[in-house]
Amino acid sequence: MLKIFAKSILSFMAVMLLLSVINMEGSARSLEQNSQNIPEQRQKVVSSAKPKETSIFTVIELEDLEYPTLAASIQLPFRVRPNNTVILSGKHVYLTTERRLHVVDVSIPQRPSYLTSLEFPAKIGKVLAFGDYLVVASRKKSHLVDISQPSHPVLQPTMYLPQRNAIKDFDVLDTYLYIIGANDYLYVFSLVFGQARLVKSIELEKRWWLLSPEAGGPKVKQIPLSTSHPISGDLLNPLLSQRGFLQLSSKGEKVRASSEILGVESLKDPMYDLFTFDAHIVNDHQASQGMGYYNVEREYRDYLSAMGVKTLTRRHPKIVYTVVAGKMQQIDQDPSTEKIDVANKRLLGPVTDFQILGDVLYVVNAKGFFSIKRLIKSKLNLRRVDELREKWFVISATPLQSNRPISLAVAEGYAFVLATSEKSQR
């Protein structure tokens, strides 16, 4: 009897132990599933707050050109590519990241306000403004965006080039959109009431040229670029007539133009050298012309040497924001600083963008530098030129926060920079 009872007890304990093991395994599986789900949800929040790849929008105050101030920056949780750009239109800045168009209110530039973004189905690059519209380009499409209400951009019809050729570059002037196709044709579209209509196709010459719109229509003159002095008549006439130039080039080098001066990257070394051209009428029978050649790296070093500067310090913006789930939040400043030895070879790195406003040249370089330079115009007398040379041509040289600038926009009193984050450029 005792043996039978003992066997029953042992059998019961074995069954209970087996059930316990099964329950523990089930609980463990349930716990494992829950633990996988919870971190996954948390990870999404963390990645939106601290994404692996970010871009940085920076406002630089230029009240005193000799002492630019990093007023504010906004960290965006989106990847930025080399062909993304930033532009200013009215009181709003529009910038592109890999697949998004972003809108920032800069009516108070020291306190920029992030408004919204518009997502595109494919990677986008350059953005330009005309009236209440933007043109945003992807590889094979041009998109019109209605910004009559900047906080609510609306995507309009998409345009293709004939035979769906890829887009190399584009510019907007007056009511015309000029697009260079991968087949080396220039396509001219009329932009009226938010609609784009193809009005002209022009086969481009093979040599290095600039484009100057002709008066009275969509005609464009192709002007071979010569860096010889005196300036060729083809280049001189658009400068004198102030018809201006499209910011397009056959070789892909950047072209920038103000109402007074034309600036182009050097064909020989576009990474470091810039040329500028200007002209004005002296009297009915004579025109004065000027051409400048600038090696940005060398002139920056000359400026630092003249000022006795041997080390530089990376600056931090006064206010730093980040964007999380479309909302802007102020974040703590990074207290760390970086000292830069100006004796380092290739201190600045290649020129990534430049702009001309009036007679002032603004440049950003790959290693995170922003410099301002006064351009000498042909209408200045020799005494004034000598005075400028004595003061050096560079007005200021400012290290930005550690990043790689990609695009630059300039307005009276302010500059706006789009850059990759430090993490993105490694």
Side-chain angles (χ1 to χ4, degrees), residues 58 60-69 85-88 210 225 227 229 231 235 239 242 244-249 253-280 289-304 306-307 347-380 384-385 387-400 405-419:
T58 302
I60 305 175
E61 189 174 353
L62 303 176
E63 183 177 352
D64 185 344
L65 293 182
E66 294 187 15
Y67 300 98
T69 302
T85 59
V86 57
I87 61 164
L88 174 69
L210 300 174
L225 179 61
T227 55
H229 194 78
I231 301 172
L235 196 62
L239 289 170
Q242 295 188 334
F245 293 86
L246 296 178
Q247 297 191 136
L248 298 172
S249 163
E253 283 76 25
K254 289 183 174 63
V255 177
R256 300 289 182 258
S258 70
S259 59
E260 303 177 30
I261 297 176
L262 168 70
V264 298
E265 289 181 323
S266 165
L267 182 62
K268 185 177 293 184
D269 191 355
M271 307 293 278
Y272 297 95
D273 298 342
L274 302 175
F275 282 98
T276 61
F277 305 87
D278 76 291
H280 78 285
Q289 55 184 282
M291 183 185 78
Y293 162 73
Y294 307 105
N295 180 289
V296 178
E297 178 92 21
R298 184 177 65 240
E299 294 208 13
Y300 193 102
R301 287 182 178 279
D302 288 345
Y303 168 80
L304 295 176
M307 300 296 291
L347 174 67
L348 305 183
V351 171
T352 53
D353 200 6
F354 66 99
Q355 299 291 342
I356 298 173
L357 183 63
D359 62 349
V360 179
L361 173 68
Y362 303 83
V363 182
V364 286
N365 291 76
K367 293 186 178 180
F369 288 87
F370 171 70
S371 57
I372 304 174
K373 174 186 178 60
R374 183 81 62 185
L375 299 174
I376 293 181
K377 296 187 292 185
S378 57
K379 64 183 179 182
L380 294 175
R384 178 63 176 147
V385 171
E387 289 175 359
L388 286 171
R389 284 202 177 98
E390 289 176 4
K391 293 181 179 179
W392 301 91
F393 294 93
V394 177
I395 300 173
S396 60
T398 307
L400 304 175
I406 288 176
S407 180
L408 171 68
V410 180
E412 199 65 44
Y414 293 90
F416 307 95
V417 178
L418 174 64

Closest approach of [X] to [Y] (non-hydrogen atoms, all atoms of both residues):
X      : Y      : result
Arg374 : Asp359 : NH1-OD1, 3.3 Å
Leu65  : Tyr362 : CD2-OH, 4.0 Å
Leu408 : Val86  : N-CG1, 4.0 Å
Glu66  : Ser396 : O-CB, 3.5 Å

(request) With sequence neighbours excluded, tell me which residues meet salt bridge (Lys or Arg N to Asp or Glu O under 4.0 Å) with Glu297. (result) Arg301

What's the separation between atom [atom1] in [X] and atom [atom2] in [Y], rounded to the nearest 0.5 Å?
X      : Y      : atom1 : atom2 : value
Leu304 : Ser371 : CG    : OG    : 10.0 Å
Asp353 : Ile406 : CG    : CD1   : 10.0 Å
Leu375 : Tyr294 : CG    : OH    : 5.0 Å
Thr85  : Ile87  : OG1   : CD1   : 6.5 Å

(message) Applying ring-ring contact (aromatic ring centres under 6.0 Å, His included), can you list everything that pairs with Tyr293, at least two apart in sequence or on another chain?
(response) Phe275

(message) Suppose we screen for ring-ring contact (aromatic ring centres under 6.0 Å, His included). Which residues come up paired with Phe369, at least two apart in sequence or across chains?
(response) Tyr300

Quick one: are [X] and [Y] in side-chain contact, heavy atoms under 4.5 Å?
X      : Y      : answer
Leu262 : Leu239 : yes
Lys367 : Leu348 : no
Ile372 : Pro68  : yes
Glu265 : Phe354 : yes

(request) Identify the residue among Thr58, Asn365, Leu400 that makes a side chain to side chain contact (heavy atoms under 4.5 Å, CB included) with Pro405. (result) Leu400

(message) With a 3.5 Å distance limit and no angle check, can you tell me whether Gln355 reaches the backbone of Ala409 through a side-chain donor-acceptor pair?
(response) no

(request) Using modelled atom types only, decide if a donor and an acceptor are shared between the side chain of Arg256 and the backbone of Ile356 within a distance under 3.5 Å. (result) no

(request) Could you tell me which residues satisfy side-chain hydrogen bond (donor to acceptor under 3.5 Å, both in side chains) with Ser407, sequence neighbours excluded, listed by chain and number? (result) none

(request) Please name all residues satisfying side-chain hydrogen bond (donor to acceptor under 3.5 Å, both in side chains) with Ser258, sequence neighbours left out, ordered by chain then number. (result) none

Just list the side-chain donor-acceptor pairs under 3.5 Å for residues 411-419, sequence neighbours left out, or say none.
from: Tyr414; atom 1: OH; to: Gln110; atom 2: NE2; distance (Å): 3.0

